[in-house]
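Read the numbers this way: they start at 1 and go in the same order the structure lists the ligands and their atoms. Computed from a prediction, not measured in an experiment: that's the story for all the values here.
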Amino acid sequence: MENNKKIIFERIDNACRACGRDPAELRVVWVSKTHPVSAVETAIVIGAVEFGENRVQEALEKFLPQREGIICRIIGPVQKNKLRKAVSVAQAIDSVADLESVLKLEVLCEEANKNLEVLFQVNASEEATKSGLSMQSAFDFLQSLPEPKRLIYKGLMTIGKNTGNPKDSKICFSFLRNLRDKIFNSEAKFSNFTELSMGMTDDLEVAIAEGSTMLRIGTALFGERNLKTHP
Ligand SMILES: *Cc1c(COP(=O)(O)O)cnc(C)c1O
């Protein structure tokens, strides 16, 4: 894993150099889904602090009790009846895409006496299999959000186009950046709206060129996932 980390951070450095960005502007979320808790422990030893899980149940198994200084982000869609458990384990939910979840999360966070970062997922590749706000509705939806109380509206998340050609993700990513800029500049409730979670193992270079602030890397750090047990 240490060598995987070295290779990924070299890719990030090179991609930043190519577009004149400072690598310090970018966070890496280690996507540990499907990998055992031992892999998480190994990653922590070599410096990982922020992890991504797409299933709440798996997050509970690996990230409770909480470890000092370690952040768990939920990066997959969460059913309404799992939001309470998600709040119990995560510092951030990056896949929020409907008002009901926002309202419910406010109530749950108030009860738990905690703040929670949220990113709103946009389906910028417009693939039917992916969840998230549609490109057409995202701006109006975000504008209509209530004033945050326990939640911190932090930014946007998207999954690039899965065509095999990373360049095809470019339009999705630039759409996301423009949307983030418009929202950030719109109202005081969006004063923390700075994050762009975009870029995975195959398209991180394109995402960096388009302004990503948060990469979500699974395969290139932890190795291939077992698709038989985790389709
Ligand atoms: C699995 C997953 C990733 C990581 O993908 P890799 O290609 O393995 O880097 C990133 N984001 C989300 C939402 C995922 O579900």
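- Distance alone, capped at 3.5 Å, is enough to place a donor-acceptor pair between the Lys62 side chain and the His35 backbone.
- Formation of a donor-acceptor pair under 3.5 Å by the Asp181 side chain with backbone atoms of Asn185 is not found in this model.
- One side chain, Asn14 or Arg17, offers a donor N or O that lies under 3.5 Å from an acceptor on the other.
- A cation-pi contact links Lys182 to Phe139, judged by a cut-off of 6.0 Å to the six-membered ring centre and 45° from its axis.
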What does the N/O contact table under 3.5 Å look like for ligand 1?
from	atom 1	to	atom 2	distance (Å)
ligand 1	8 (O)	Thr219	N	2.8
ligand 1	8 (O)	Thr219	OG1	2.5
ligand 1	8 (O)	Arg225	NH1	2.8
ligand 1	8 (O)	Arg225	NH2	3.2
ligand 1	9 (O)	Thr201	N	3.1
ligand 1	9 (O)	Thr201	OG1	2.5
ligand 1	9 (O)	Gly218	N	2.8
ligand 1	11 (N)	Arg216	NE	2.8
ligand 1	15 (O)	Lys33	NZ	2.6

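- Side chain to side chain, Ser134 and Glu126 fail the donor-acceptor criterion of an N or O pair below 3.5 Å.
- Of the possible polar contacts, one joining the Arg180 side chain to the Thr194 backbone as a donor-acceptor pair under 3.5 Å is found.
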